Amino acid sequence: MTLSVTTWNINSVRLRLPIVEDFLRRENPDILCLQEIKCQNEQFPAAEIAELGYSNIVIHGQKGYHGVAICSKLPLTEDHRQDYCGVGDSRHISAIFEWAGRRIRLHNFYVPAGGDEPNRDVNPKFGHKLDFVEEMKALSAEAEPNTGSILVGDLNIAPLEHDVWSHKQMLKIISHTPVETDGLLEVMRQGKWVDLMRQHVPDTEKLYTWWSYRAKDWAAADRGRRLDHIWSSADLAPLLESVAVLKEARGWTQPSDHVPVTARFKAP
DNA sequence: ATGGTGGGCGTCCCA
C-alpha cells in the first residue's frame with residue numbers, strides 16, 4: 001500500500017492542461033498539488049482532471065495571479081484556505097485525507113516570490129515574502145491530534161548551499177538570501193517538519209526543481225534552484241520510499257519553469 | 001554589467 005504525492009508549479013493550468021494530463025496518465029500519483037493555476041475556481045479544468053481519476057478537487061483560485069489546487073484520487077475533507085498576511089491572495093489550501101488507517105492533513109503553499117531587490121525598505125514585495133514566512137512559523141506539523149501532516153509547494157526559497165547552482169553568487173539574490181534561508185529553516189524547526197527531499201538526497205548533492213525561462217539553454221547552463229519542497233511530520237518521514245524530481249519536464253513542449261516533484265510513501 | 005523569457009490581462013502586472 002503506497003501513497004504518492006506530487007507538487008508542481010504549473011504557471012497557468014489552463015494553458016498547460018495538455019502536459020498536466022500527460023503527466024497524470026504517465027506518473028499516476030495519488031494526489032497532485034498545483035500552484036500558480038492563474039485562474040478563478042470556476043475556470044479550473046476540473047472535469048478534464050476528474051476524467052483521469054482525480055474526482056476529489058479543492059481549489060483556491062483568483063483572477064490572473066497565484067492560485068493553488070489539490071487534485072486527489074482519495075476523498076478530501078475539511079478543506080481550509082488561510083489568507084497569509086491578510087492581503088486576499090490565494091496562496092494556501094489544505095485538506096484531510098486518509099491513507100493506511102492514518103489521518104493526514106496536506107498543506108499546499110505558494111509563497112510570494114519577493115521581487116528583485118532584497119531590501120524590504122525599498123521593495124514591499126520582499127517585505128511581504130518575509131512576513132509570509134514569519135507567519136508560517138506558527139504552522140506545526142503536529143497541530144491536530146492523531147493527524148499526520150504533509151506540506152508541499154513552491155516556497156520560492158532554496159534554503160541549503162547545494163539547493164542553488166552557486167551559493168556564493170546567490171547570497172544577495174532573492175530566494176537564497178540569509179534572511180530567507182534562515183527564516184525557512186526556522187519554519188521547519190519550529191513546526192517540527194522534515195525535509196523529505198533532503199532525507200532522500202544528501203545535502204552535499206546539487207538538487208534543483210526550477211530553471212529560469214531567461215537562460216538561452218537551461219539544460220546546458222543548469223543554473224537551477226530548489227524552490228519546490230515536500231515536508232512531512234516526523235511520524236510519516238520513516239515511511240518515505242522515494243522522491244523523484246522529473247527534470248525532463250522542463251524540456252517538454254511549452255513547459256512550466258518548475259518541474260513536478262513526487263514523494264512516495266510505503267505503509268509499514 | 002545587463003538583460004534575458006513567459007503568463008494573464010488589457011495598454012502593465014507578476015514571476
Side-chain angles (χ1 to χ4, degrees), chain A residues 7-23 33-46 48 59-69 83-92 108-120 122-133 152-159 163-166 168-177 180-181 184 208-229 247-261:
Chain A
T7 180
W8 195 7
N9 177 319
I10 197 61
N11 187 17
S12 173
V13 68
R14 288 177 295 172
L15 185 73
R16 278 181 250 288
L17 180 60
I19 61 171
V20 171
E21 291 174 321
D22 287 349
F23 173 80
C33 296
L34 296 171
Q35 304 88 34
E36 275 205 280
I37 60 174
K38 289 187 171 175
C39 67
Q40 297 170 90
N41 290 359
E42 59 272 22
Q43 298 173 314
F44 188 87
E48 292 87 340
I59 311 163
H60 189 191
Q62 74 180 74
K63 187 177 178 179
Y65 303 102
H66 324 313
V68 289
D83 181 4
Y84 280 76
C85 301
V87 292
D89 284 355
S90 299
R91 296 181 178 276
H92 168 265
N108 180 14
F109 277 95
Y110 176 49
V111 173
D116 290 328
E117 180 60 47
N119 175 353
R120 66 178 307 156
V122 297
N123 174 16
K125 290 184 204 168
F126 192 60
H128 179 210
K129 182 179 197 175
L130 297 182
D131 292 344
F132 195 105
V133 169
V152 309
D154 175 6
L155 306 185
N156 266 317
I157 297 174
D163 291 341
V164 293
W165 65 278
S166 168
K168 197 180 165 197
Q169 287 177 258
M170 288 288 299
L171 280 169
K172 291 180 178 173
I173 303 297
I174 289 184
S175 73
H176 196 62
T177 65
E180 294 170 87
T181 58
L184 196 68
Y208 313 138
T209 64
W210 172 91
W211 292 262
S212 173
Y213 283 128
R214 296 177 187 177
K216 280 195 183 76
D217 183 339
W218 71 273
D222 199 25
R223 295 186 168 187
R225 305 178 199 173
R226 184 169 73 109
L227 303 180
D228 304 275
H229 299 270
K247 184 175 179 180
E248 68 161 89
R250 184 62 181 77
W252 289 351
T253 307
Q254 213 172 21
S256 170
D257 45 355
H258 297 252
V259 300
V261 182

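Residue numbers begin at 1 in each chain, while the letters A, B, ... track the order of the sequences. Owing to the predicted nature of the structure, the values given are computational and were not obtained by experimental measurement.
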* **Approximate separation, where rounding is to 0.5 Å, of A:His229 NE2 and A:Ile157 CD1** => 7.5 Å
* Which value, rounded to the nearest 0.5 Å, describes the distance between A:Glu36 atom CD and A:Arg16 atom CZ? -> 9.5 Å
* To do: Please report, rounded to the nearest Å, how far the C1' atom of B:dG3 is from the CG atom of A:Asp116.
  => 11 Å
* To do: Mind calculating the distance between CD1 (A:Ile10) and C1' (B:dG8) to the nearest angstrom?
  => 15 Å
* In terms of the nearest nucleotide of DNA chain B, which residue is placed more toward the 5' end: A:Gln62 or A:Ala215? -> A:Ala215
* Asked: Please give, in whole Å, the distance from B:dC9 P to A:Gln43 CD?
  -> 7 Å
* To do: Measure from CD on A:Glu36 to C1' on B:dT5 and round the result to the nearest Å.
  => 14 Å
* Answer yes or no: does a side-chain N or O of A:Lys63 lie under 4.0 Å from OP1 or OP2 of B:dC9? => no
* In Å and rounded to the nearest 0.5 Å, what is the SG to CG distance from A:Cys33 to A:Asp228? -> 11.5 Å
* To do: For atom CG of A:Asp116, decide whether the heavy atoms of other residues, nucleotides or ligands shown that lie under 6.0 angstrom number more than 12.
  => no
* Asked: Taking the P atom of each, how far is B:dG7 from B:dG3, in whole Å?
  -> 22 Å
* Given the P atoms of B:dC9 and B:dT5, what is the spacing between them in whole Å? -> 22 Å
* For B:dG4, take OP1 and OP2 only and decide whether either is under 4.0 Å from a side-chain N or O of A:Arg223. => no
* **Presence of A:Arg16 side-chain N/O under 4.0 Å of B:dG7 phosphate oxygens OP1/OP2** => yes
* To do: Can you tell me, in whole Å, how much space there is between the P of B:dG10 and that of B:dG4?
  => 26 Å
* Scan A:Arg250 against the nucleic acid and name what it touches under 4.0 Å (heavy atoms): base, sugar-phosphate only, or nothing. => nothing
* To do: Just say parallel, tilted or perpendicular for the rings of A:Phe109 and A:His92, cut-offs at 30° and 60°.
  => tilted
* **Pairwise P distance, B:dG6 and B:dT2 [rounded to whole Å]** => 23 Å
* Asked: How close or far is atom C1' of B:dG6 from atom OH of A:Tyr65, stated in whole angstroms?
  -> 14 Å
* Asked: Base, sugar-phosphate, or nothing: which does A:Lys216 touch, judged by heavy atoms less than 4.0 Å apart?
  -> nothing
* Asked: Atom CD1 of A:Ile157 and atom P of B:dA15: how far apart are they, to the nearest Å?
  -> 13 Å
* Could you please name the option among B:dG7, B:dA15, B:dG8 that lies closest to any side-chain atom of A:Asn11? => B:dG7
* **Closest-nucleotide ordering on DNA chain B, the 5'-leading residue of A:Gly114 and A:Leu15** => A:Leu15
* Judged by modelled atom types alone, do A:Ser175 and A:Glu180 share a side-chain donor-acceptor pair under 3.5 Å? -> no
* Could you give the distance separating B:dA1 and B:dC12 at their C1' atoms, to the nearest angstrom? => 26 Å
* To do: Report the distance from atom CZ of A:Phe126 to atom C1' of B:dC14, rounded to the nearest whole Å.
  => 17 Å
* **Length of the CG-P vector between A:Asn9 and B:dT5, whole Å** => 20 Å
